[in-house]
Amino acid sequence: MRTKRYLVILAGLAVLTGTANPAKAQDDVKIGKQNIKLTSNLMTPEALWAMGRIGSCEASTDGKQIVYQVGYYSVKANKSQQKIAIVNADGTGNTTLTTGTKSETDPTWLNGKIVFLSGGQIWMMNPDGTDRKQISNTKKDIEGFKFSPDGKKVILLHSIDFYEIIKKNPDDLPKATGRLVTDLMYRHWDHYVESIQHPFVYEVSSDGIAANGTDILEGEPYECPMEPFGGMEQLDWSPDSKTIAYTCRKKTGLAYSISTDSDIYIYNIGTRETKNLCKPEGYVEPEIDPTTTMKYQKVNAPENLKNNVGYDTNPKFSSDGKYVAWLSMERNGYEADRNRLCCYDLATGEKKYLTESFDSNVDDFVWSDSKDAMIYFIGVWHATENLYAINWKGELKQMTETWDDFGSIHLMNNGKQLLMERHNFTSPADLYIVTPNFKKPEKTAITQLTFENKHILDQLAKPTVQQRWVKTSDGKEMLTWIILPPNFDESKKYPTLLFCEGGPQSPVSQFWSYRWNFMIMASQGYIVVAPNRRGLPGFGQEWLEEISGDWTGQCMQDYLAAIDDAANNLSYVDKEHLGAVGASFGGFSVYYLAGIHEKRFKAFIAHDGAFNLAAMYTETEENWFSNWEYDEAYWHRPQLPNAKKTYHDSPHKMVEKWDTPILCIHGEKDYRINATQGMSAFNAARMKGIPAELLIFPDENHWVLKPQNGVLWQRTFFNWLDRWLK
C-alpha cells in the first residue's frame with residue numbers, strides 16, 4: 001500500500017505534486033500555460049487542473065541558468081504535454097523552450113547545451129532553444145538517460161522482453177490474449193510484467209550517440225531501475241567516468257515478492273566486472289518462510305547492517321570519487337523502515353551510517369565538495385520536510401525551519417548553493433535557490449526562482465493553516481494540522497473533515513496534491529483536521545512502528561482523538577456535520593471507522609482502501625507488505641497475536657455496525673489494492689441498505705492521472721460531501 005517516500009519524491013513528487021507518472025502525454029495537441037480568469041476567489045477542480053506542474057530541473061555548470069520540466073494539462077482534450085523551460089539564476093528570462101506539440105522531458109546540460117528526451121530519443125539544443133537536433137537513433141525507445149562526467153559515454157534505459165514469469169504465447173497464436181503465469185510478481189502497480197528495464201552504456205562522439213550499446217545486466221533477469229517507480233536516481237557515474245553504481249534487487253518471482261533486499265552494485269566499464277557493495281563475497285542468503293514476517297525469523301541487527309538486507313537505493317559518488325553514499329534500510333521485508341545514509345569507502349570497504357542521530361528518514365541527498373565531506377539532505381520532522389546538513393564527524397544541523405516540504409535537492413554554483421523544489425498546503429511546486437550556512441544555519445538564505453502558478457494563485461483566497469497538539473488516548477501529544485476555509489469567520493460553524501493518511505507510514509507533512517488537496521477542500525467550505533497519527537514518520541522510530549501489526553489499535557484511537565478534540569474545543573467546528581475521508585490505508589481507515597465511530601460522522605469517502613484483509617493478503621502484488629504489516633498469512637495456525645487481531649478486525653467483518661452513507665472510489669488497474677476491495681465495500685453497504693455510491697475507474701491505478709477523471713473525482717467527492725454535510 002505504501003509508496004516509498006522518495007518517489008515521491010521521485011517518487012517524492014509522484015503523489016505529492018503530481019509531476020511523476022503523469023497522464024500519458026499526447027503529441028497531436030499543443031497544450032501550454034493556461035492564463036485562466038476565475039469567476040470567484042475559491043479554488044475549484046478546474047483551477048487546480050489548470051496549474052502547471054514543475055518536474056525535474058538542473059543548473060548549468062556555471063550556475064547562471066536553470067533548465068526544468070513543466071507539465072500542462074487540458075481537461076477538454078483529456079491530454080497533457082510536458083515542456084522544457086529555462087530561467088536565469090537571478091529569476092529573469094523565464095522562457096518556455098518547447099514550441100511544438102511533442103512532449104519534451106528530462107532536460108539536463110551537456111557541454112553548455114541542453115539535452116532532453118522526446119519521442120523515445122535524445123535531442124540537443126542551444127540554451128535559447130535553437131539548433132535542435134536528434135543525437136540518438138537507437139532501435140529501442142530510450143526511457144531514461146545519464147551522461148558520464150566526461151561526456152564520452154551515456155547510460156540509456158531500454159525495456160527488454162521478460163518471459164521469466166509470464167510465458168510467451170506460441171507464435172502461431174498471435175491474437176491470443178491469455179497469459180500463462182508461472183510465479184508471483186506477474187504484475188506490478190498497474191501493468192503485467194512482460195518487460196523490464198535494463199541500463200545500457202553507449203559511446204558518445206561529436207556525431208552523436210552510437211547505434212549500439214552494452215547491457216550492464218546482460219543475461220540477468222533483473223530490473224534496473226526497480227519497479228514500480230525507480231528512475232535514473234538509482235544509477236550514478238563515478239567522477240572519472242570509469243564505473244557506474246546502480247541499484248538492483250537480484251530476485252524474481254516468489255523471492256522478489258517477499259523481499260525488499262535490494263543492493264548497490266559497482267560496474268566497471270573497462271572490465272565489465274560487477275561488485276556488490278552491500279554483501280561480503282560468499283554471502284549466503286538465509287532461508288525465508290514466505291508467509292511469515294521477517295520480524296519473527298532470524299533477525300540480528302548488527303548482521304543486518306553488515307549485510308544491508310533491506311532496501312538499498314539511490315547511490316551517489318562523492319566528488320572526489322572516494323566514496324559512494326546511498327539510502328539504506330536495515331530490515332528485510334520492511335519497506336517503511338528508517339532510511340539511513342550509508343557511506344562506503346571504496347578503498348577500504350568500510351561502511352559508515354552517518355545519520356544515526358536523525359530519528360527519521362533521509363529522503364534525498366547530495367554531496368558537497370570533497371574538502372569537508374558535507375552531505376545535504378532533506379527529511380521529515382514534525383510534519384515538515386526541511387533541509388539538513390551533516391559532516392563526516394556526524395555533526396547534524398537543520399538548515400531550514402519553514403512550514404513547507406522540500407521535494408528535491410541539487411548542487412549548483414560549484415556547490416555553494418542548492419537548487420531545490422518546495423511546496424506546501426497552499427502553494428504547488430516551485431524552484432528555489434538555497435544558500436546554506438553550516439556554521440550559522442539561521443542565516444541560510446532561501447530565494448524563490450520560479451512562479452509557475454502565480455497568475456492563478458493571485459486570484460485565489462488562501463486557507464489558514466494552523467498546528468494543534470492533541471492529547472491522545474494514551475496520554476501522548478500528537479501534531480494535527482487544522483486548515484480553515486478562506487474568508488474564515490470564527491463566529492460561524494463549518495462542516496469538518498477528518499483526513500485519514502495513507503501509507504500506512506507516509507507523513508502528513510506540507511504536501512501539495514492534485515487529488516487530496518487541502519486547499520480545495522477548505523475552499524469548498526470545509527475545515528480539515530489532519531492528524532499525524534501513530535505510524536507516521538517525523539516523530540521518532542517508536543511512534544512510526546506502533547502501527548505495524550496493529551492497524552486497528554492506537555492509530556484509530558488517534559484519529560478519534562483528533563476529531564473529538566476539534567469538535568469539542570473549536571467553537572467553529574460543526575460537530576453535527578463531520579465526515580471522514582482517505583485513500584489507500586486512509587481508505588482502510590474509513591472502512592474501519594465506519595464500524596466503530598459511534599455516530600460521530602455523517603459521511604464517509606474511501607478511495608482505493610483495503611476492505612477484506614484476508615483477501616488483500618494474497619491479492620496485492622508486493623507480498624512483503626502484507627507479511628510485515630499483518631505478521632503472517634491468514635491460514636497459519638496457531639495464529640500470532642497481531643495476525644489474529646488483524647484478520648479479526650478486518651472492516652468487512654464489521655459491516656453489521658455500518659450506519660452511515662459512504663462513497664467508495666477505486667481504479668481497476670490498481671494492483672496494489674485490487675478494485676474488488678472497493679466493489680465489495682460498496683456492495684456490502686447497499687445490501688445493508690446504507691446510502692452508497694461507487695466511482696469506478698477502469699483505466700486508473702492507485703492514483704487518478706487523467707485530466708477528466710481527475711475533475712470527475714473532485715466533483716463526485718464534493719457532491720457527496722455537500723449532500724450529507726451541508
Side-chain angles (χ1 to χ4, degrees), residues 7 10-11 14 19-29 31 55-56 69 71 79-84 97-98 100-108 110 114-125 132-148 153-164 166 168 174 187-205 207-235 237 244 246-248 669 699 701 705-706:
L7 295 158
L10 205 79
T19 56
N21 289 306
K24 185 178 179 181
Q26 303 294 319
D27 292 336
D28 57 349
V29 177
I31 303 171
S56 62
Q69 177 181 327
K79 296 174 181 176
S80 66
Q81 184 180 3
Q82 301 294 316
K83 294 176 178 283
I84 295 172
L97 301 180
T98 301
T101 60
K102 286 188 175 182
S103 281
E104 298 175 341
T105 65
D106 306 280
T108 188
L110 180 67
I114 296 170
V115 289
F116 59 95
L117 200 57
S118 182
Q121 297 296 324
I122 297 178
W123 290 66
M124 176 182 284
M125 63 180 167
R132 290 169 172 264
K133 60 181 180 181
Q134 184 176 326
I135 63 171
S136 71
N137 189 22
T138 58
K139 295 178 181 178
K140 290 181 175 290
D141 281 353
I142 298 168
E143 298 167 13
F145 67 92
K146 183 172 286 189
F147 283 88
S148 60
K153 299 179 182 66
V154 63
I155 302 170
L156 303 183
L157 295 184
H158 298 305
S159 285
I160 63 172
D161 292 338
F162 180 72
Y163 296 118
E164 292 285 323
I166 301 175
K168 184 179 180 180
R187 58 185 193 177
H188 210 160
W189 189 249
D190 60 4
H191 62 279
Y192 281 85
V193 183
E194 295 173 295
S195 65
I196 57 175
Q197 284 186 331
H198 270 199
F200 291 71
V201 177
Y202 285 76
E203 298 290 333
V204 180
S205 68
D207 296 327
I209 297 172
N212 297 302
T214 301
D215 183 352
I216 72 174
L217 286 171
E218 185 174 3
E220 297 187 57
Y222 313 119
E223 64 195 19
C224 177
M226 295 191 301
E227 293 273 17
F229 307 117
M232 294 307 302
E233 76 286 344
Q234 293 195 354
L235 301 100
W237 283 99
I244 295 169
Y246 69 88
T247 307
C248 191
K669 295 184 72 176
D699 54 350
N701 55 32
L705 302 175
K706 295 176 174 61

Take His158 and Ile142 through the test side chain to side chain contact (heavy atoms under 4.5 Å, CB included) and record every step on the way to the result.
CA-CA 6 Å; His158 298 305; Ile142 298 168; 3.8 Å; yes
For Met232, is there any backbone N or O sitting under 3.5 Å from a side-chain donor or acceptor partner on Lys146?
yes
Hey, mind stepping through Ile122 and Met124 against side chain to side chain contact (heavy atoms under 4.5 Å, CB included) and telling me if it holds?
CA-CA 7 Å; Ile122 297 178; Met124 176 182 284; over 6 Å; no
For Lys83, does its backbone N or O pair with a side-chain atom of Thr98 as donor and acceptor, under 3.5 Å?
no
Could you go through Glu223 and Phe162, starting from their C-alpha distance and side-chain angles, then the distance that decides it, and tell me whether this counts as side chain to side chain contact (heavy atoms under 4.5 Å, CB included)?
CA-CA 10 Å; Glu223 64 195 19; Phe162 180 72; over 6 Å; no
Quick one: closest heavy-atom pair of Ser103 and Ser80, and the distance?
OG-O, 4.3 Å
With the side chain counted from C-beta on, respond yes when Pro225 and Gln197 share a heavy-atom pair under 4.5 Å apart, and no when they do not.
yes
I'd like to know if the side chain of Thr105 pairs up with that of Gln69 as donor and acceptor (distance under 3.5 Å, no hydrogens or angles considered).
no
Mind checking whether Ile160 and Ile196 have side chains closer than 4.5 Å, heavy atoms only?
yes
Taking salt bridge (Lys or Arg N to Asp or Glu O under 4.0 Å) as the definition, give me every residue that meets it alongside Glu104, ordered by chain and number, with sequence neighbours left out.
Arg132
Could you please spell out the steps behind the side chain to side chain contact (heavy atoms under 4.5 Å, CB included) verdict for Phe200 and Thr138?
CA-CA 11 Å; Phe200 291 71; Thr138 58; over 6 Å; no
Tell me, please, which residues at least two apart from Tyr246 pass ring pair (Phe, Tyr, Trp, His ring centres under 6.0 Å).
Tyr265
Tell me, please, which residues at least two apart from His198 pass ring pair (Phe, Tyr, Trp, His ring centres under 6.0 Å).
none
